[in-house]
Amino acid sequence: MSLGEFDLIRDYFARAQDAPGVALGIGDDCALLEIPPSEQLAVSVDTLVADVHFPADAEPYLVAERALCVSLSDLAAMGAQPRWITLCLTLPAFDEAWLAGFSAGLFSRTKAYGCSLVGGDTTRGPLAISVQVMGTVPVGQALQRKGAQVGDGIYVSGPLGDGAAALALVRGELETTPSESAYLRERYFQPEPCFDWGHALRGIANAAIDVSDGLVQDLGHICSSSGVAGLVYLERLPFSAAVNRLDNTARYQAALAGGDDYQLCFTVPAGRQSALEELELTAFRIGDVVAGSGVRCQLNGADYPISKTGYQHFG
Ligand code: ADP
Ligand code: MG
């Protein structure tokens, strides 16, 4: 990009932030970050491509919020505390109004989650946004996919299927009340990372993951990493009022294979279920960890076949 444009990018992104742990922020070749010796750095990156992960003409403020929230969800799933982010922006054109909206949305979320933007890269090309997130977690306490054991209960942190329902709404395939539409829109553009859960589950859960690609696929990752199988009781899945408008088949499909829900799915051994119940958070027990491999579903005791197992870009 030309120098003038680059100066403007700096205007939108190099702003003073309340940034603990930042010895050196935006403006040099690298940022320098301080990590206490008792903590590990948790790092993850996610890319959102226009018209794949969000509509290209969506409001830039909302696009920024969504990009940040979906990336931060991975930190939440590890039980990490969000600290810093870097941002790689690929822009088709230099559009000041778009950048102003994007910047405002981004900083509204960094402020809400107590993290700061410490660097990035800006290039020209088809609209795409990568947010790298960095968080800290006490050494040895991160929640991982491996660790689920036969006998654990399988839980989710909240309703499933909202992401798929939001997409159906955008496509005009779902009729809802205005308040349900507003709810789904918020769940799509502002999927709140479950930091309260991730934090609370340290020392309680044996394994955890965020549900980004549908329950079957994501619980399947816990199962394959842990060498166990998951048995899910469909009648126990929690749904929002909007998703409850769908018929049984569509509702289960949305939860099992829909994606974009960003709830946590986790397993807890019997001995720690009382600790889970004492939390000021309500978990939904949806299944059991059993011997074997893969994920199976039952509806009122009868096997329920799974048709499609989740979103895959190259599937
Ligand atoms: P380099 O050529 O060393 O990679 P750049 O010219 O790409 O440096 O960036 C200069 C500074 O501006 C760096 O500190 C970089 O992290 C920051 N930066 C560039 N683009 C962004 C962006 N979109 N968001 C935040 N910081 C950015
Ligand atoms: Mg660069």
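For ligands, and for the atoms within them, numbers begin at 1 and follow the listed sequence. We count residues from 1, following the sequence as given.
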Going by the closest heavy atom to [atom], which one wins out of [options]?
{"atom": "atom 7 (O) of ligand 1", "options": "Thr123, Asp121, Leu91", "answer": "Asp121"}
{"atom": "atom 18 (N) of ligand 1", "options": "Cys30, Ala31, Cys88, Gly120", "answer": "Gly120"}
{"atom": "atom 17 (C) of ligand 1", "options": "Thr122, Asp28, Ile26, Thr86", "answer": "Ile26"}

Suppose I only count heavy atoms of [X] and a 4.0 Å limit; which atoms of ligand 1 are within that range?
{"X": "Phe13", "result": "24 (N), 25 (C)"}
{"X": "Asp29", "result": "3 (O)"}
{"X": "Gly119", "result": "16 (O), 24 (N), 25 (C), 26 (N), 27 (C)"}

Check: Would one find more than 12 heavy atoms of other residues, nucleotides or ligands at under 6.0 Å from atom CD of Glu173?
Finding: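 Yes, enclosed.
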
Check: When hydrophobic residues are tied together by side-chain contacts of less than 4.5 Å, even through go-betweens, does Met78 share a cluster with Val70?
Finding: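 No; tracing contacts between hydrophobic side chains, which count when under 4.5 Å, never links both residues.
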
Notebook entry, point to check: Does the gap between the ring centers of Tyr113 and Phe195 come in under 6.0 Å?
Noted result: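 Yes: the rings meet the under 6.0 Å criterion.
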
Check: Should Gly27 be counted as touching ligand 1, given the test is an N or O pair under 3.5 Å?
Finding: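 Right, the criterion is met.
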
Check: Between Arg272 (side chain) and Ile204 (backbone), is there a donor-acceptor pair under 3.5 Å?
Finding: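 Confirmed, Arg272 side chain pairs with Ile204 backbone.
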
Item checked: Any side-chain heavy-atom pair of Leu117 and Phe13 under 4.5 Å ->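 Leu117 reaches Phe13 side chain to side chain.
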
